[in-house]
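Below is one structure; the comments refer to it alone.
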Amino acid sequence: MRTTVGIIGAGPAGLLLARLLRNAGIDSVVLESRDRAYVERRQRAGILEQGTVDVLRAAGAGERMDREGLRHDGIELRFERERHRVDFPARTGGSSVLVYAQTEVCKDLIALQLKEGGPLLFGAEALAVEGALTDRPRVRFRYEGHEGHEDVLDCDYVVGCDGFRGVARKAVPAALSRVFERTYPFGWLGILADVAPSHDELVYARHERGFALLSMRSPAVSRLYLQVPEGTEAGEWADEEIWDELERRFETGDDWRLERGPVTSKSVTPMRSYVHEPMRYGRLFLAGDAAHIVPPTGAKGLNLAVGDVVTFARALTHLGDTGSAERLDAYSEACLRRVWQAERFSYDMTTLLHRAPGATPFEDRIQLARLRRVATSRAAETDLAEGYTGFPLE
Ligand code: APR
Ligand code: PHB
């Protein structure tokens, strides 16, 4: 097979990149190791920054998002039984976010790609990226049904959108790779429940027993998370135990109540900060989780992936329009400036709201002082609101 851009991975990064390139008249092929059903049902986060909404709409992928997405103008911070709303438009000059699940973004992009785009091969597992330093890189892959036979995709460029456990990053020589990471001694136990959300905006609760988050997928489906010790298995928690613990951590001084309902999905997400530098090696470019991971606290993962692929598509278009590779050459630095701002914000929100095992009384007081600062200082509330609603694309 032969194409201009070989894309490994059909998550949000790979799917949106294929759409952006198609709209720019640049051909691509997407190789996805899993099947369509797996990709479309994989539960991830659900907060789209305004910039992401604008990109999806401009790419012709925003019709259902505009119809079904829920615009949110703020979040509630909860600590010491107090409730403090962070007002996004007031602190950011009008920005807000859209609640629209990543699963839905992927469904919309897959449907468009299959209808109007280039080849999207499910069951095609990339084995290696070769020739990244030549002008003819290629991807060796194993395609379902071709057992015992390897296929090759010849490209002008390869973009690794294959997530944290993909193969693209391995094509960067260890001597050139710089990895920055932090793992956290806790994770999130997440549930989906068929019950109307108990609040009309997201609630982030810091409690001495641990963090809890109330989110949503629709007016009838709640998405909730509970901080649990690292290594926790989802099966360790019975549904009623989860509801009981959520109720404790969301406690307030007023008559607010957490409504319960049937749990339809339960899973544990580990907590990690990770950045691989550089995000480019010759004709190989890394985008999304293939290059960086943020703890989900700030809901930045998908939005960072969008920024990376928009930057690559604009750079390749610039090359075609002007013959200048300057923006391709600046890809890694441009993406990393935004990535590190999101890493800082996600780290800050995670350490602001989670009580790490073994936290000392001093650390508890500092954490509460940080929260009170956000609740009472316009400057501190603005920093959180700007981080949450998103950093501008360069
Ligand atoms: N060959 C082909 N496909 C692969 C390979 C491989 N060797 N390895 C991984 N993949 C596929 C995975 O099956 C997955 O569908 O690459 C895709 C990577 O998608 P994501 O992990 O969703 O990464 P990304 O598109 O960067 O999206 C980042 O999604 O994972 C969340 O929290 C993350 O919200 C963030 C966003
Ligand atoms: C979600 O709805 O899954 C979600 C929302 C906000 C976050 C993380 C996850 O910070």
Side-chain angles (χ1 to χ4, degrees), residues 6-18 29-36 38-49 52 70 72 75 97-106 109-110 120-129 139-144 153 158-171 188 190-192 197 201-204 211 213-218 221-225 265 267 269-272 274 286-309 342 345-346 349-350 353 387-388:
I7 299 171
I8 308 175
L15 291 168
L16 177 57
L17 177 57
V29 170
V30 182
L31 304 175
E32 167 55 52
S33 54
R34 310 301 291 257
D35 64 27
R36 177 175 180 179
Y38 173 87
V39 174
E40 292 190 343
R41 70 163 176 257
R42 184 171 46 199
Q43 275 306 325
R44 289 283 168 63
I47 302 296
L48 306 186
E49 296 171 359
T52 296
L70 306 170
H72 279 210
I75 57 173
V97 296
L98 195 77
V99 175
Y100 188 66
Q102 178 169 314
T103 49
E104 305 319 295
V105 173
C106 287
L109 288 168
I110 288 171
L120 165 50
L121 278 57
F122 290 104
E125 180 184 8
L127 303 172
V129 176
V139 182
R140 279 194 298 110
F141 67 99
R142 184 179 299 121
Y143 195 20
E144 249 171 19
L153 175 63
V158 176
V159 185
C161 300
D162 47 351
F164 185 62
R165 291 174 180 74
V167 295
R169 197 171 60 238
K170 296 172 185 166
W188 280 8
I191 62 170
L192 276 178
E201 293 178 331
L202 273 63
V203 178
Y204 288 77
F211 171 79
L213 170 60
L214 179 152
S215 183
M216 58 202 71
R217 289 291 175 268
S218 73
V221 178
S222 293
R223 176 69 162 156
L224 296 121
Y225 297 95
S265 155
S267 62
T269 306
M271 204 67 85
R272 178 199 312 270
Y274 178 95
L286 302 176
D289 277 17
H292 42 72
I293 296 282
V294 282
T297 323
K300 290 294 133 196
L302 186 154
N303 297 292
L304 277 182
V306 167
D308 294 345
V309 297
F345 171 73
S346 303
M349 268 198 88
T350 301
L353 292 159
Y388 200 93

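When a ligand or atom number is given, it counts from 1 through the structure's own listing order.
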Region of [X] engaging ligand 2 - heavy atom pairs below 4.0 Å:
{"X": "Trp188", "value": "side chain"}
{"X": "Ser215", "value": "side chain"}
{"X": "Val99", "value": "neither"}
{"X": "Arg44", "value": "backbone"}

Check for a donor-acceptor pair, side chain of [X] on one end and backbone N or O of [Y] on the other, with a separation under 3.5 Å.
{"X": "Asp162", "Y": "Ile8", "answer": "no"}
{"X": "Asn303", "Y": "Ile47", "answer": "yes"}
{"X": "Arg142", "Y": "Glu125", "answer": "no"}
{"X": "Glu32", "Y": "Ala10", "answer": "yes"}

Would you check whether Met349 reaches within less than 4.0 Å of ligand 2, judged by its heavy atoms?
no
Nearest protein heavy-atom contact for [atom]: which residue, which atom, what distance?
{"atom": "atom 3 (O) of ligand 2", "value": "Tyr225 OH, 2.6 Å"}
{"atom": "atom 1 (N) of ligand 1", "value": "Ala126 N, 2.9 Å"}
{"atom": "atom 4 (C) of ligand 1", "value": "Ser33 OG, 3.3 Å"}
{"atom": "atom 19 (O) of ligand 1", "value": "Gly11 CA, 3.6 Å"}
{"atom": "atom 6 (C) of ligand 2", "value": "Tyr204 OH, 3.3 Å"}

Flag side-chain contact, heavy atom, 4.5 Å: [X] against [Y]:
{"X": "Leu16", "Y": "Leu109", "result": "yes"}
{"X": "Thr103", "Y": "Gln43", "result": "yes"}
{"X": "Val159", "Y": "Asp308", "result": "no"}

Check [X] against [Y] and note the closest heavy-atom contact, atom names and distance.
{"X": "Arg169", "Y": "Ala290", "value": "NH1-O, 2.8 Å"}
{"X": "Ala126", "Y": "Val139", "value": "CB-CG1, 3.7 Å"}
{"X": "Tyr143", "Y": "Phe122", "value": "CE1-O, 3.2 Å"}
{"X": "His72", "Y": "Met216", "value": "CE1-SD, 3.6 Å"}
{"X": "Leu17", "Y": "Cys161", "value": "CD2-SG, 4.4 Å"}

Measure the acute angle between the ring planes of Phe345 and Tyr388, then classify it against the limits of 30° and 60° as parallel, tilted or perpendicular.
perpendicular
According to the interplanar angle, ranging from 0 to 90°, do the rings of Phe164 and Tyr274 count as parallel (below 30°), tilted (30 to 60°) or perpendicular (above 60°)?
perpendicular
Under a 4.0 angstrom heavy-atom cut-off, which atoms of ligand 1 come close to [X]?
{"X": "Val167", "answer": "7 (N)"}
{"X": "Arg34", "answer": "13 (O)"}
{"X": "Leu31", "answer": "2 (C), 3 (N)"}
{"X": "Gly166", "answer": "8 (N)"}
{"X": "Gly288", "answer": "26 (O)"}

Any nitrogen or oxygen of Ala13 lying under 3.5 Å from a nitrogen or oxygen in ligand 1? Just yes or no.
yes
Ala290-ligand 1 polar pair, N/O distance under 3.5 Å
no
Has [X] got any heavy atom lying under 4.0 angstrom from an atom of ligand 1?
{"X": "Arg42", "answer": "yes"}
{"X": "Ala124", "answer": "yes"}
{"X": "Pro12", "answer": "yes"}

Taking [atom] as the point of reference, which of [options] owns the nearest heavy atom?
{"atom": "atom 32 (O) of ligand 1", "options": "Asp289, Val294, Leu15", "value": "Asp289"}
{"atom": "atom 34 (O) of ligand 1", "options": "Gln102, Lys300, Arg44, His292", "value": "Gln102"}
{"atom": "atom 8 (N) of ligand 1", "options": "Asp162, Leu17, Val139", "value": "Asp162"}

Check ligand 2 against [X] and write out every atom of the ligand that is under 4.0 Å from a heavy-atom position of the residue.
{"X": "Leu213", "answer": "6 (C), 7 (C), 8 (C)"}
{"X": "Arg217", "answer": "1 (C), 2 (O), 3 (O)"}
{"X": "Leu202", "answer": "5 (C), 6 (C)"}
{"X": "Gly46", "answer": "1 (C), 2 (O), 3 (O)"}

Side chain, backbone, both or neither: [X] near ligand 1, heavy atoms under 4.0 Å:
{"X": "Ile8", "value": "side chain"}
{"X": "Cys161", "value": "backbone"}
{"X": "Glu32", "value": "both"}

Give yes if a backbone or side-chain nitrogen or oxygen of Pro296 is under 3.5 Å from a nitrogen or oxygen of ligand 2, and no if not.
yes
